[in-house]
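No hydrogens, no waters, no symmetry mates; every other heavy atom, side chains included, goes into these values. Model, not experiment: these values are computed from the prediction.
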Amino acid sequence: MPPSSASPSDAAKPAAASGGVQSLERAFDLLERMADAGGEVGLSELSASSGLPLPTIHRLMRTLVACGYVRQQPNRRYALGPRLIRLGESAARLLGTWARPYLARLVEETGETANMALLDGDEIVYVAQVPSRHAVRMFTEVGRRVLPHTTGVGKALLANHAPEEVRALLGRTGMPAATEKTITEPDAFLSALEEVRGQGFAVDDNEQEIGVRCIAVPVPDSPTAAAISISGPTGRVTEAATDKIVPVLQEVARELSVALANQNPA
């Protein structure tokens with residue numbers, strides 16, 4: 001057989017590139033698994049959930065620690081690192097900018113304040129809002145964080161999570177009551193999520209704030225799990241109004257999903 005004309009270094013380049021891409025994919029997967037677990041995990045937990053061998057995970061985590069994206073706790077467990085905050089905040093601001101035209105359309109068609117929220121660890125964070133033009137209207141500060149069990153967007157975002165994942169999250173948050181209407185029992189909350197899956201939308205009925213009703217839907221196939229909602233006084237956001245609002249929410253959520261997938265603002 002004639003000798004190959006490719007040098008050893010040339011032959012190694014595709015494999016190295018492939019290995020580099022695979023390592024990058026694995027590193028991001030581990031970061032997402034850490035976020036899903038509440039932000040702090042042990043290597044054995046990551047190995048069990050990812051299927052990767054411990055030496056591989058240890059190597060990847062050493063790199064992430066060195067870069068500041070992960071930090072090792074005194075108890076030897078690993079937590080998401082502070083450098084992720086800047087990336088997350090910048091991405092959330094951009095996501096909110098893209099969402100605003102769609103939220104503005106919700107305000108035009110429903111008359112109520114429109115919001116967009118993400119699930120960040122165990123909390124809901126609001127990343128965009130367009131206020132209602134009514135004198136009496138709801139206002140949620142962009143960047144505000146709340147617990148998912150108290151909100152319509154929280155229910156919309158958790159509805160398709162596995163029950164064991166939801167129970168683990170609720171165990172970490174403790175399910176404190178924001179009002180006397182807040183669901184504070186895991187079984188009752190899981191039943192509420194089953195209802196959300198069945199009807200295709202979620203409702204916060206005086207559960208975060210007395211006198212306020214919120215209707216929310218997930219943004220399908222969003223690059224990061226997101227939900228949009230409208231909120232207003234219970235006297236305006238009635239059962240009858242819900243029947244008209246939900247189709248509008250679902251249509252806008254689909255359009256926003258396409259725009260986010262194409263990275264093409266309205």
Side-chain angles (χ1 to χ4, degrees), residues 22-92 95 117-127 143-151 153-176 183-194 196-197 202 218-219 221-227:
Q22 184 183 61
S23 294
L24 188 61
E25 290 174 345
R26 287 175 169 177
F28 278 116
D29 179 64
L30 293 179
L31 290 172
E32 291 186 0
R33 290 178 186 278
M34 292 178 70
D36 291 341
E40 180 180 319
V41 295
L43 291 183
S44 59
E45 296 169 58
L46 283 175
S47 180
S49 65
S50 68
L52 295 174
L54 278 171
T56 299
I57 293 177
H58 191 258
R59 174 175 55 82
L60 292 170
M61 296 301 279
R62 278 205 318 268
T63 301
L64 290 170
V65 168
C67 292
Y69 296 116
V70 169
R71 55 191 172 88
Q72 190 170 24
Q73 306 283 67
N75 61 4
R76 310 298 294 173
R77 291 168 66 82
Y78 289 86
L80 296 175
R83 287 197 69 183
L84 289 172
I85 296 173
R86 182 169 63 89
L87 296 180
E89 288 178 344
S90 297
L95 190 61
L118 311 177
L119 182 64
D120 183 21
D122 291 346
E123 297 177 314
I124 295 297
V125 57
Y126 289 91
V127 296
R144 182 187 178 201
R145 292 174 175 270
V146 296
L147 296 180
H149 72 283
T150 66
T151 65
V153 284
K155 292 175 187 175
L157 286 165
L158 290 178
N160 289 321
H161 281 57
E164 59 270 20
E165 293 178 3
V166 176
R167 285 188 184 276
L169 183 152
L170 298 176
R172 292 190 295 268
T173 65
M175 300 188 74
I183 300 173
T184 57
E185 295 295 331
D187 287 343
F189 189 73
L190 287 169
S191 295
L193 295 187
E194 186 174 350
V196 172
R197 288 190 294 273
V219 178
D221 303 316
S222 174
T224 186

Is a salt bridge present between R33 and E45, judged by a nitrogen-to-oxygen distance below 4.0 Å?
no

Taking only Lys NZ, Arg NE, NH1 and NH2, and the carboxylate oxygens of Asp or Glu, determine whether D187 and R167 approach each other closer than 4.0 Å.
yes

Beyond-backbone contact of [X] with [Y], side-chain heavy atoms, under 4.5 angstrom:
{"X": "L30", "Y": "M61", "result": "yes"}
{"X": "I124", "Y": "L118", "result": "no"}
{"X": "T151", "Y": "K155", "result": "no"}
{"X": "V70", "Y": "M34", "result": "yes"}
{"X": "L60", "Y": "S23", "result": "yes"}
{"X": "L147", "Y": "D122", "result": "no"}

Quick one, V146 with Y126, criterion side-chain contact (heavy atoms from CB on, under 4.5 Å). Give me CA distance, side-chain angles, the key distance, then yes/no.
CA-CA 9 Å; V146 296; Y126 289 91; 3.9 Å; yes

Do other residues, nucleotides or ligands put more than 12 heavy atoms under 6.0 Å from D221 CG?
no

Within the side chain of [X], is there an N or O that forms a donor-acceptor pair under 3.5 Å with the backbone of [Y]?
{"X": "S222", "Y": "V219", "result": "no"}
{"X": "S47", "Y": "L52", "result": "yes"}
{"X": "R83", "Y": "Y69", "result": "no"}
{"X": "T63", "Y": "R59", "result": "yes"}
{"X": "H149", "Y": "P176", "result": "yes"}
{"X": "R145", "Y": "V125", "result": "no"}

Minimum heavy-atom separation for [X] to [Y], with atom names?
{"X": "A188", "Y": "I183", "value": "CB-CG2, 3.8 Å"}
{"X": "V166", "Y": "L158", "value": "CG2-O, 4.0 Å"}
{"X": "I57", "Y": "S50", "value": "CD1-OG, 3.7 Å"}
{"X": "A156", "Y": "A202", "value": "N-CB, 3.8 Å"}

Quick one: pull up [atom1] in [X] and [atom2] in [Y] and give me the separation to the nearest 0.5 Å.
{"X": "R62", "Y": "C67", "atom1": "CZ", "atom2": "SG", "value": "12.5 Å"}
{"X": "Q72", "Y": "Y78", "atom1": "CD", "atom2": "OH", "value": "3.5 Å"}
{"X": "M175", "Y": "L169", "atom1": "CE", "atom2": "CG", "value": "9.5 Å"}
{"X": "R77", "Y": "E40", "atom1": "CZ", "atom2": "CD", "value": "5.0 Å"}
{"X": "D120", "Y": "L157", "atom1": "CG", "atom2": "CG", "value": "11.5 Å"}
{"X": "R76", "Y": "L43", "atom1": "CZ", "atom2": "CG", "value": "9.0 Å"}

